[in-house]
Amino acid sequence: MARILVTGGAGYIGSHTCLELLNAGHEVVVFDNLSNSSEEALHRVQKLADKTLVFVKGDIRHPDELDQVFQNHQIDAVIHFAGLKAVGESQQIPLVYFDNNIAGSAQLFKSMEKAGVFTLVFSSSATVYDEANHSPLNETMSTGMPSNNYGYTKLIVEQMLEKLAQADARWSIALLRYFNPVGAHQSGLIGEDPQGIPNNLMPYVTQVAVGRREKLSIYGNDYDTIDGTGVRDYIHVVDLANAHLCALNNRLAAQGCRAWNIGTGHGSSVLEVKNTFEQVNGVAIAFEFAPRRAGDVATSFADNRRAINELDWQPQYTLKDMLADSWNWQKQNPNGFN
Ligand code: NAD
Ligand code: UFG
């Protein structure tokens, strides 16, 4: 049992991870400014776990608030989800992204060092890989210059952490490179609740299904893929949450900085996702083909063998499970947590 500080713990992936942490017997302190989430998610996590967690409303850019948390709670390790993640927005307001994701992360690491806490799991992304690499992507492949500022912030924080671990052997850091997180907890009580028009495929599909959006635009049907639409590695958010527990266990017993891909190792096309959603849930998804979206690659899926071999982790859920659980959440919560 350990006491874990979860930054961004009220968000989509964070809330699912808090639940798995509580279920595994850990103590959880959530630090979140609620800029893209609702405290209601944490009420539901506690209800599901039948256990309590500590919630501190605060911002990772504010050193005093961070230092206070470390002073008030004997933290053993940190899982760092807090950050902004809208790709399009990151192109319009890059400084806000640099400040939140890069400067905010640096501030967190400073407070950790001050408090003598050196075990960290960081939310990275498959977007850090050089686009010239061919899928399946593995961790020995080169990183590149991401096509957007959001991806750039992930790359910079990864590089900062590698240098930190090189400079000081007390650090033990996991870089988890997520592929495409989708799905929701099977209860339907917690799930993804994007503000405004969703950028990502899955919330867009469920919002069309529930009648909040008219139709899905499929960005490009002329890629060199099985049916011309983009291929991605969708991973159930509960499998992803569990990967954090496995990474935590690994890091509590090791030193240095190491990256792991978290995906299923299997790619699915946009059309396959849409068709499977219709088939599993019995709901029609109106759609149209639209031009390619700037910055998208044709295909991205993981070689996940390093995570399976080293972290004692194994994804459990199929694409059908992911699509059924996404719909179950959206159906029960047509307007998210509001
Ligand atoms: P999310 O927006 O649901 O969660 C992020 C949380 O961080 C939110 O609760 C938000 O309020 C909080 N936050 C943002 N800025 C903060 C700040 N300055 N101080 C304190 N809290 C702050 O997003 P998510 O999908 O759960 O993603 C979690 C992490 O995983 C992010 O770092 C994201 O970049 C990364 N990631 C997500 C995906 C994805 O597709 N969802 C893919 C790869 C990586
Ligand atoms: N897509 C559509 N229509 C939509 C939304 C998406 O056809 O309305 C397609 C995309 O073109 C892509 C696939 O669905 O082929 C998946 O798109 P998402 O936006 O859901 O996911 P991405 O793979 O683009 O995004 C991921 C991560 C981000 C990361 C980004 C880097 O979710 O965190 O890769 O490009 F930054």
Side-chain angles (χ1 to χ4, degrees), residues 6-17 30-39 41-42 56-62 65-66 79-88 90 96-97 99-101 103-105 107-108 122-129 131 146-154 157 176-182 191-195 197-205 207-208 213 215-221 223 225 229-235 237 240-241 244 262 267-271 273-274 287-301:
V6 184
T7 74
Y12 171 46
I13 306 168
S15 57
H16 287 82
T17 303
V30 169
F31 185 85
D32 197 306
N33 67 0
L34 302 180
S35 60
N36 195 39
S37 53
S38 159
E39 205 179 336
L42 296 175
V56 179
K57 188 170 177 195
D59 194 302
I60 54 167
R61 292 166 296 178
H62 301 159
E65 292 173 5
L66 280 170
I79 305 183
H80 176 33
F81 293 105
L84 301 176
K85 61 164 186 177
V87 170
S90 76
V96 174
Y97 275 69
D99 190 36
N100 251 278
N101 295 8
S105 294
Q107 196 54 64
L108 171 68
F122 172 61
S123 298
S124 189
S125 166
T127 192
V128 300
Y129 285 110
E131 284 179 15
S147 60
N148 58 74
N149 294 324
Y150 160 75
Y152 171 73
T153 66
K154 292 291 167 192
V157 175
L176 298 190
R177 293 177 177 162
Y178 310 161
F179 280 68
N180 291 57
V182 297
E192 187 171 14
D193 182 19
Q195 313 296 304
I197 301 171
N199 300 296
N200 297 110
L201 178 64
M202 189 48 48
Y204 209 101
V205 167
Q207 289 194 10
V208 172
R213 313 268 160 214
K215 62 182 166 204
L216 170 71
S217 294
I218 295 184
Y219 299 134
N221 62 345
Y223 284 110
T225 59
T229 66
V231 168
R232 296 290 183 276
D233 186 339
Y234 297 94
I235 172 91
V237 66
L240 177 58
H244 291 78
I262 308 297
S268 305
S269 74
V270 178
L271 271 178
V273 169
K274 179 197 84 69
F287 78 101
E288 64 181 1
F289 289 118
R292 291 181 180 193
R293 186 172 65 176
D296 275 358
V297 295
T299 300
S300 169
F301 62 94

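Each ligand, and each atom within it, is numbered from 1 in the order the structure gives.
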Enquirer: One residue to check: F179. Relative to ligand 2, which of side chain, backbone, both or neither has a non-hydrogen atom less than 4.0 Å away?
Expert: neither
Enquirer: Would atom 34 (O) of ligand 2 count as contacted, meaning some protein heavy atom under 4.0 Å?
Expert: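 No.
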Enquirer: Please state which protein non-hydrogen atom is closest to atom 7 (O) of ligand 2 and give its distance, to 0.1 Å?
Expert: Y219 N, 2.9 Å
Enquirer: Mark yes when over 12 heavy atoms from residues, nucleotides or ligands other than Y223 sit less than 6.0 Å from its OH; otherwise mark no.
Expert: yes
Enquirer: Report the part of V297 (side chain from C-beta onward, or backbone N, CA, C, O) that has a heavy atom under 4.0 Å from ligand 2; answer both or neither where that applies.
Expert: neither
Enquirer: When you compare ligand 1 with N33, is there at least one nitrogen or oxygen pair between them that comes in under 3.5 angstrom?
Expert: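 Yes - when backbone and side-chain N and O of N33 are compared with those of ligand 1, one distance drops under 3.5 Å.
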Enquirer: Side chains of P194 and N200: does their closest heavy-atom pair fall under 4.5 Å?
Expert: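 P194 does not reach N200 side chain to side chain.
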Enquirer: Can you check which of G83, G14, G9, P203 brings a heavy atom nearest to atom 5 (C) of ligand 1?
Expert: G83
Enquirer: Please state which part of L34 comes within less than 4.0 Å of ligand 1, counting heavy atoms only: side chain, backbone, both or neither.
Expert: backbone
Enquirer: Backbone, side chain, both or neither: what part of T229 comes under 4.0 angstrom of ligand 2, heavy atoms only?
Expert: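 Under 4.0 Å from ligand 2, T229 contributes no heavy atoms.
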Enquirer: Check for me whether K154 has a heavy atom closer than 4.0 Å to any atom of ligand 1.
Expert: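 Yes, K154 has heavy atoms under 4.0 Å from ligand 1.
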Enquirer: How close does the nearest protein non-hydrogen atom get to atom 36 (F) of ligand 2, and which residue and atom is it?
Expert: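 It is Y150 CE2, 2.9 Å.
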Enquirer: Select one of side chain, backbone, both or neither to describe which atoms of I13 lie under 4.0 Å from any atom of ligand 1, heavy atoms only.
Expert: both
Enquirer: Is there a donor-acceptor pair closer than 3.5 Å between any side-chain N or O of K154 and the backbone N or O of S123?
Expert: yes
Enquirer: Classify the ring geometry between Y178 and F81 as parallel (under 30°), tilted (30 to 60°) or perpendicular (over 60°).
Expert: tilted
Enquirer: Tell me the contacting part of Y178 for ligand 2: side chain, backbone, both, or neither, using a 4.0 Å heavy-atom threshold, strictly below.
Expert: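 Within the 4.0 Å criterion, Y178 makes no contact with ligand 2.
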Enquirer: Counting only heavy atoms, which portion of T127 has something under 4.0 Å from ligand 2: side chain, backbone, both, or neither?
Expert: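 Only the side chain of T127 comes within reach of ligand 2.
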Enquirer: I'd like to know if the side chain of Y234 reaches the main chain of F179, judged simply by a donor and an acceptor atom lying under 3.5 Å from each other, with no hydrogens or angles considered.
Expert: no
Enquirer: State if T7 counts as touching ligand 1 under the rule of any non-hydrogen atom under 4.0 Å.
Expert: no
Enquirer: Which protein heavy atom lies closest to atom 13 (C) of ligand 2, and at what distance to 0.1 Å?
Expert: Y234 OH, 3.6 Å
Enquirer: What atoms in ligand 2 come closer than 4.0 Å to a heavy atom of G230?
Expert: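 Numbered from 1, ligand 2 contributes 15 (O).
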Enquirer: When you measure from the heavy atoms of S124 to every atom of ligand 1, does any distance fall below 4.0 Å?
Expert: yes
Enquirer: Can you pull out the closest protein heavy atom to atom 3 (O) of ligand 1? Residue, atom name and distance to 0.1 Å, please.
Expert: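 The closest heavy atom on the protein side is Y12 N, 2.8 Å.
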Enquirer: I need the atoms of ligand 2 closer than 4.0 Å to a non-hydrogen atom of V270, numbered in the order shown.
Expert: 7 (O), 9 (C), 13 (C), 14 (O), 15 (O)
Enquirer: Touching ligand 1 at all, A126? Heavy atoms, strictly under 4.0 Å?
Expert: no
Enquirer: Would you call E192-K85 a salt bridge at under 4.0 Å N-O?
Expert: yes
Enquirer: Has P181 got any heavy atom lying under 4.0 angstrom from an atom of ligand 1?
Expert: yes
Enquirer: Look up atom CG in D296 and atom OG in S147, then write down how far apart they are to the nearest 0.5 Å.
Expert: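 Those atoms lie 8.0 Å apart.
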Enquirer: What do you reckon, does Y129 put a non-hydrogen atom under 4.0 Å from ligand 2?
Expert: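 No.
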Enquirer: Which residue supplies the protein heavy atom nearest to atom 19 (O) of ligand 2, what is that atom called, and how far is it?
Expert: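 Protein heavy atom at minimum distance: R293 NH2, 2.8 Å.
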Enquirer: For residues F122 and H244, establish whether the separation of their ring centroids is below 6.0 Å.
Expert: no
Enquirer: Run the side-chain contact (heavy atoms from CB on, under 4.5 Å) check on L240 and I13 step by step: do they pass?
Expert: CA-CA 8 Å; L240 177 58; I13 306 168; 3.7 Å; yes
Enquirer: Could you check whether R61 pairs with D99 (Lys NZ or Arg NE/NH1/NH2 to Asp/Glu carboxylate O, under 4.0 Å)?
Expert: yes
Enquirer: Considering only non-hydrogen protein atoms, determine which one is nearest to atom 18 (N) of ligand 1 and report residue, atom name and distance to 0.1 Å.
Expert: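 Nearest neighbour among protein heavy atoms for atom 18 (N) of ligand 1, to 0.1 Å: N100 OD1, 2.7 Å.
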Enquirer: Return a yes/no value for N200: is any of its N or O atoms, backbone included, closer than 3.5 angstrom to an N or O of ligand 1?
Expert: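 No: no nitrogen or oxygen of N200 is under 3.5 Å from one in ligand 1.
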Enquirer: Starting from atom 20 (O) of ligand 2, find the nearest protein heavy-atom neighbour and note its residue, name and distance.
Expert: L201 N, 2.8 Å
Enquirer: My understanding is that we take every heavy atom of each candidate and find the minimum distance to atom 21 (O) of ligand 2. Doing that for N180, V87, L216, V205, which one comes out nearest?
Expert: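 Comparing heavy atoms across N180, V87, L216, V205, the nearest one to atom 21 (O) of ligand 2 lies in N180.
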Enquirer: For atom 4 (O) of ligand 1, which protein heavy atom lies nearest, and how many Å away is it?
Expert: G11 CA, 3.5 Å
Enquirer: Compute whether any side-chain donor of one residue and acceptor of the other, for T153 and N101, lie under 3.5 angstrom apart.
Expert: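 Side chains of T153 and N101: pair found under 3.5 Å.
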Enquirer: With atom 11 (O) of ligand 2 as the reference point, say which of T299, I218, D296, N199 has the nearest heavy atom.
Expert: D296
Enquirer: Please state which protein non-hydrogen atom is closest to atom 19 (N) of ligand 1 and give its distance, to 0.1 Å?
Expert: I60 N, 3.1 Å
Enquirer: Dump the intermediate steps for side-chain contact (heavy atoms from CB on, under 4.5 Å) on M202 and V237, then the final yes or no.
Expert: CA-CA 12 Å; M202 189 48 48; V237 66; over 6 Å; no
Enquirer: To the nearest 0.1 Å, how far is atom 2 (O) of ligand 1 from its closest protein heavy atom, and which atom is that?
Expert: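 Checking every protein heavy atom, the shortest distance to atom 2 (O) of ligand 1 gives N36 ND2, 2.7 Å.
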Enquirer: Would R232 count as a contact of ligand 2 if the rule is a heavy atom under 4.0 Å away?
Expert: yes
Enquirer: Given side chains that start at C-beta, do those of Y129 and T127 come closer than 4.5 Å, heavy atoms only?
Expert: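 When only atoms from C-beta onward are counted, T127 and Y129 do not touch, as no gap falls below 4.5 Å.
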Enquirer: Which is closest to atom 23 (O) of ligand 1 by heavy-atom distance: K85, E39, H80?
Expert: K85
Enquirer: With atom 28 (C) of ligand 1 as the reference point, say which of Y178, F31, F179, F81 has the nearest heavy atom.
Expert: F81
Enquirer: Can you find a non-hydrogen atom of S217 under 4.0 Å from ligand 2?
Expert: yes
Enquirer: Counting heavy atoms only, which part of N200 comes closer than 4.0 Å to ligand 2: side chain, backbone, both or neither?
Expert: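 The part of N200 near ligand 2 is both the backbone and the side chain.
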Enquirer: If you have a sec, work out which protein heavy atom is nearest atom 12 (C) of ligand 1 and how many Å separate them, to one decimal?
Expert: D32 OD1, 3.4 Å
Enquirer: Checking R213 against Q207: is there a side-chain donor and acceptor pair closer than 3.5 Å?
Expert: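 The criterion, which ignores hydrogens and geometry beyond distance, is satisfied for R213 and Q207.
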Enquirer: Test I218 against L271 for side-chain contact (heavy atoms from CB on, under 4.5 Å), laying out the working first.
Expert: CA-CA 8 Å; I218 295 184; L271 271 178; 3.9 Å; yes
